[in-house]
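As the structure is a prediction and not an experimental result, all values here were calculated from the model.
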Amino acid sequence: MTGGVMDRLPGEAGAAPVAAAAEAEAEEEADPPAADLPAPQVSERRDPHPSRMQMPQGNPLLLSYTLQELLARDTVQVELIPEKKGLFLKHVEYEVSSQRFRSSVYRRYNDFVVFHEMLLQKFPYRMVPALPPKRVLGADREFIEARRRALRRFINLVARHPPFSEDVALRLFLSFSGPDVQNKLKESAQCVGDEFMSCKLAPRAKDFLPADIQTQFAVSRELIRNIYNSFHKLRDRAERIASRAIDNAADLLIFGKELSALGSDTTPLPSWATLHSSTWGSLKQALKGLSVEFALLADKAAQQGKQEENDVVEKLNLFLDLLQSYKDLCERHEKGVLHKHQRALHKYSLMKRQMMSAAVQSREPDSVEQLESRIVEQENAIQTMELRGYFSLYCLHQEMQLVHVYLPLTSHILGAFVNSQIQGHKEMSKVWNDLKPKLNCLFAGPSGSPTPPRLPQDGVSPR
């Protein structure tokens, strides 16, 4: 993922055996790829872009990105545009705007799906964030808004991921304004192998891995699982805090409206209460004017809740999406690469047995030669699986480093939460303080001076 991670290898030693073995791997009809790992297309290695021919300095396994560098790669906005009615259903479209490409294009959810499939096909050993679920019948505004936010998180994680950000598929998705972006994306992936086929370092990935890579992988996986569980709980609590602020805003607004309604009541006083008619009139006048302050309090509380949704909850969701993509990658590594390697070894052992049996039974020379040829092909396939396994661990090591690059986002999240609480309480405190003098007339005594009543601490009137 540094300068040479995406470099391609034309005619270098080791490329021909890998390509030949990969072709043998692709011809194994009895061994379909795992469902979670799209089958990479096999193609000849192509000359890379001249700017990407330079070998990286030092160990290419190690990354040197900072969080600010990743965030500066691009910022992509995803906004809803008015729904268009189809023959049977309404179609939701999104306006996707990229700062990097200075572009604004319209995309539908299915466009995101095809783009996601292309990423998995070309980068099966990288963290590809998951997409939000497909729209269900009767989806409400809340579901549509949640999916819009999830799509925005997805495309920003992709646009800031080093290998993805340099791929033609991303440029097409963010800037192509033609009528059929899905076919354009599929055409760009035709006759193009996955990252293993195009990466210059893939055949030598084992050379850069630490000796205890399997132990590191297990420890990293457990660490990510623990971090994910803790951040999931933090996100849930942050959602509740933001939700309470919004609920508090609604309660304050209703509280103020009820005070206003009470002050606007025109029901005549009964004759036995006319002695205190002036008191009730003054109270009503004071109560009627309080709705403005309570409406302002409600607005401040709502602003705080919305700000915490955007600056705290949404950033926690972004980090959770990243952690989940690493967990998914670990599963693809085990269910895809390792499982296919085991099947290839099993097939190889069966062929060796057939070879020994043929030698014992003295079969026809042609059939023995065919069996020998198949064994050689299977040996090449096993070699490719081993190389893919090491390259998968190489990518896992780098992806884990990317997760750690994102860890300082925690301080941004906490800072946003603290600032929101300080600002929110400060603004609401000012409104409460401005409201207090207006309550004086509610407690005015016979002389007209404010005399707030003193209630007993237990709330029960003294005898």
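- Between D434 and K438, the shortest heavy-atom contact is O-CG, 4.2 Å.
- Between F112 and F173, the ring center distance clears the sub-6.0 Å criterion.
- Between K186 and D180 no salt bridge is recorded (no basic side-chain N to carboxylate O distance below 4.0 Å).
- Within the 4.5 Å cutoff, side-chain heavy atoms of F391 are placed close to those of E195.
- A salt bridge links R221 and E334; the closest N-O separation between the charged side-chain nitrogens and carboxylate oxygens is under 4.0 Å.
- Residue R240 places its CZ atom among 12 or fewer non-hydrogen atoms of other residues, nucleotides or ligands, all under 6.0 Å distant.
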*asked:* With salt bridge (Lys or Arg N to Asp or Glu O under 4.0 Å) as the criterion, how do D74 and R160 come out once you've worked through the C-alpha distance, each side chain's angles and the decisive distance to 0.1 Å?
replied: CA-CA 6 Å; D74 199 359; R160 294 163 180 169; over 6 Å; no
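- V168 is listed as a side-chain neighbour of S188, based on a closest heavy-atom distance under 4.5 Å.
- When atom types are taken as modelled, the side chain of D212 and the backbone of T215 share no donor-acceptor pair closer than 3.5 angstrom.
- Annotation: side chain of L296 is not in contact with side chain of E293 (no heavy-atom distance under 4.5 Å).
- Paired with R149 under the rule side chain to side chain contact (heavy atoms under 4.5 Å, CB included), one option of N310, V313, V78 passes, and it is N310.
- Considering only residues two or more places apart in sequence or on other chains, E309 meets the side chain to side chain donor-acceptor pair (under 3.5 Å) condition with none of them.
- Distance CD/Q398 to CZ/F208: 10.5 Å, rounded to 0.5 Å.
- The minimum heavy-atom distance linking G193 with M197 is given by the pair CA-CB, 4.0 Å.
- Side-chain contact annotation: N419 with Q423, donor-acceptor N/O pair under 3.5 Å absent.
- Not one N or O on the side chain of S420 forms a donor-acceptor pair closer than 3.5 Å with the backbone of A416.
- Side-chain contact between N433 and S429 is present, with at least one heavy-atom pair separated by less than 4.5 Å.
- With E314 as reference, R153 is the one residue of R235, R153, K306 to meet the salt bridge (charged side-chain N to carboxylate O under 4.0 Å, His left out) rule.
- Taking the six-membered ring wherever Trp is involved, the centroid distance between the rings of F123 and F164 falls below 6.0 Å.
- Judged by distance alone, with hydrogens and angles left aside, the side-chain atoms of E69 form a donor-acceptor pair with the main-chain N or O of T66 at under 3.5 Å.
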*asked:* Please evaluate residues K430 and E427 with respect to the criterion salt bridge (Lys or Arg N to Asp or Glu O under 4.0 Å), reporting the C-alpha separation (whole Å), side-chain torsions for both, the decisive distance (0.1 Å), and the verdict.
replied: CA-CA 5 Å; K430 182 179 183 305; E427 292 181 357; over 6 Å; no
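- For the pair K134 and Y109, the cation-pi criterion (under 6.0 Å, within 45° of the ring axis) is not fulfilled.
- Minimum heavy-atom separation, R107 to V181: NH2-CG2, 3.6 Å.
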_Worked verdict on R126 versus E399 for salt bridge (Lys or Arg N to Asp or Glu O under 4.0 Å)_ = CA-CA 7 Å; R126 299 291 182 182; E399 299 303 275; 3.1 Å; yes
*Mind running side-chain contact (heavy atoms from CB on, under 4.5 Å) on I413 and L409 for me, showing each step along the way?*
CA-CA 6 Å; I413 295 170; L409 191 65; 4.2 Å; yes
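- Within 6.0 Å of atom CZ in R237, 12 or fewer heavy atoms from other residues, nucleotides or ligands are found, so the atom counts as exposed in its surroundings.
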_Walk me through whether V158 and V76 qualify under side-chain contact (heavy atoms from CB on, under 4.5 Å)._
CA-CA 10 Å; V158 170; V76 185; over 6 Å; no
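- Under a cut-off of 6.0 angstrom, the local environment of CD in E222 is crowded, with over 12 non-hydrogen atoms contributed by other residues, nucleotides or ligands.
- When the shell of 6.0 Å around CZ of F255 is examined, it contains 12 or fewer heavy atoms from other residues, nucleotides or ligands.
- By the 30° and 60° cut-offs, the orientation of the rings of F154 relative to H116 is tilted.
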*Walk me through it: do Q304 and E308 pass the test side-chain hydrogen bond (donor to acceptor under 3.5 Å, both in side chains)?*
CA-CA 6 Å; Q304 181 179 346; E308 288 173 0; 3.3 Å; yes
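- Between D328 and Q324, the side chains place a donor N or O and an acceptor N or O closer than 3.5 Å (distance only, hydrogens not considered).
- Checking N110 against Q182 by side-chain atom types alone, no donor-acceptor pair falls below 3.5 Å.
- Counting heavy atoms from C-beta on, the side chains of D111 and Y106 never come closer than 4.5 Å.
- Put simply, the residue from R147, R152, Q77 that forms a side chain to side chain donor-acceptor pair (under 3.5 Å) with Y94 is R147.
- Residues L61 and P210 have side chains in contact (heavy-atom distance under 4.5 Å, counting atoms from C-beta outward).
- Residues P132 and L151 are in side-chain contact: their nearest non-hydrogen atoms beyond the backbone lie under 4.5 Å apart.
- Heavy atoms only, all atoms of each residue included: A189 and M118 are closest at CB-SD, 3.6 Å.
- The only member of Y390, Y125, Y394, F217 that meets ring-ring contact (aromatic ring centres under 6.0 Å, His included) when paired with H333 is F217.
- Between the D299 side chain and the A295 main chain, no donor and acceptor come within less than 3.5 Å of each other.
- The nearest pair of heavy atoms linking F319 to I227 is CE2-CG2, 4.1 Å.
- In this structure, the side chains of L297 and M428 come closer than 4.5 Å at one or more pairs of heavy atoms.
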*Run the numbers on Q214 and L393 for side-chain contact (heavy atoms from CB on, under 4.5 Å), then give the verdict.*
CA-CA 8 Å; Q214 295 291 353; L393 288 170; 3.5 Å; yes
*When you look at E79 and R148, which way does the salt bridge (Lys or Arg N to Asp or Glu O under 4.0 Å) test go after all the steps?*
CA-CA 7 Å; E79 301 296 340; R148 181 195 69 80; 3.7 Å; yes
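- The number of heavy-atom neighbours closer than 6.0 Å to NZ of K327, taken from other residues, nucleotides and ligands shown, is above 12.
- Counting all heavy atoms, side chain and backbone alike, L170 lies closest to S165 at CD2-CA, 3.5 Å.
- Residues in residues 411-437 take part in these ring pair (Phe, Tyr, Trp, His ring centres under 6.0 Å) pairs, two or more places apart or across chains: F294-W432.
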*For side-chain contact (heavy atoms from CB on, under 4.5 Å), just list the numbers for L323 and M127, CA-CA rounded to whole Å, side-chain angles, deciding distance to a tenth of an Å, and then say yes or no.*
CA-CA 9 Å; L323 295 174; M127 295 186 297; over 6 Å; no
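- In this structure, S104 contributes its side chain and S97 its backbone to no donor-acceptor pair below 3.5 Å.
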*asked:* Let's go through Q303 and Q307 carefully: what are the C-alpha distance in whole Å and the side-chain angles of both, what is the deciding distance for side-chain hydrogen bond (donor to acceptor under 3.5 Å, both in side chains) to 0.1 Å, and is it a yes or a no?
replied: CA-CA 6 Å; Q303 287 180 16; Q307 183 177 353; over 6 Å; no
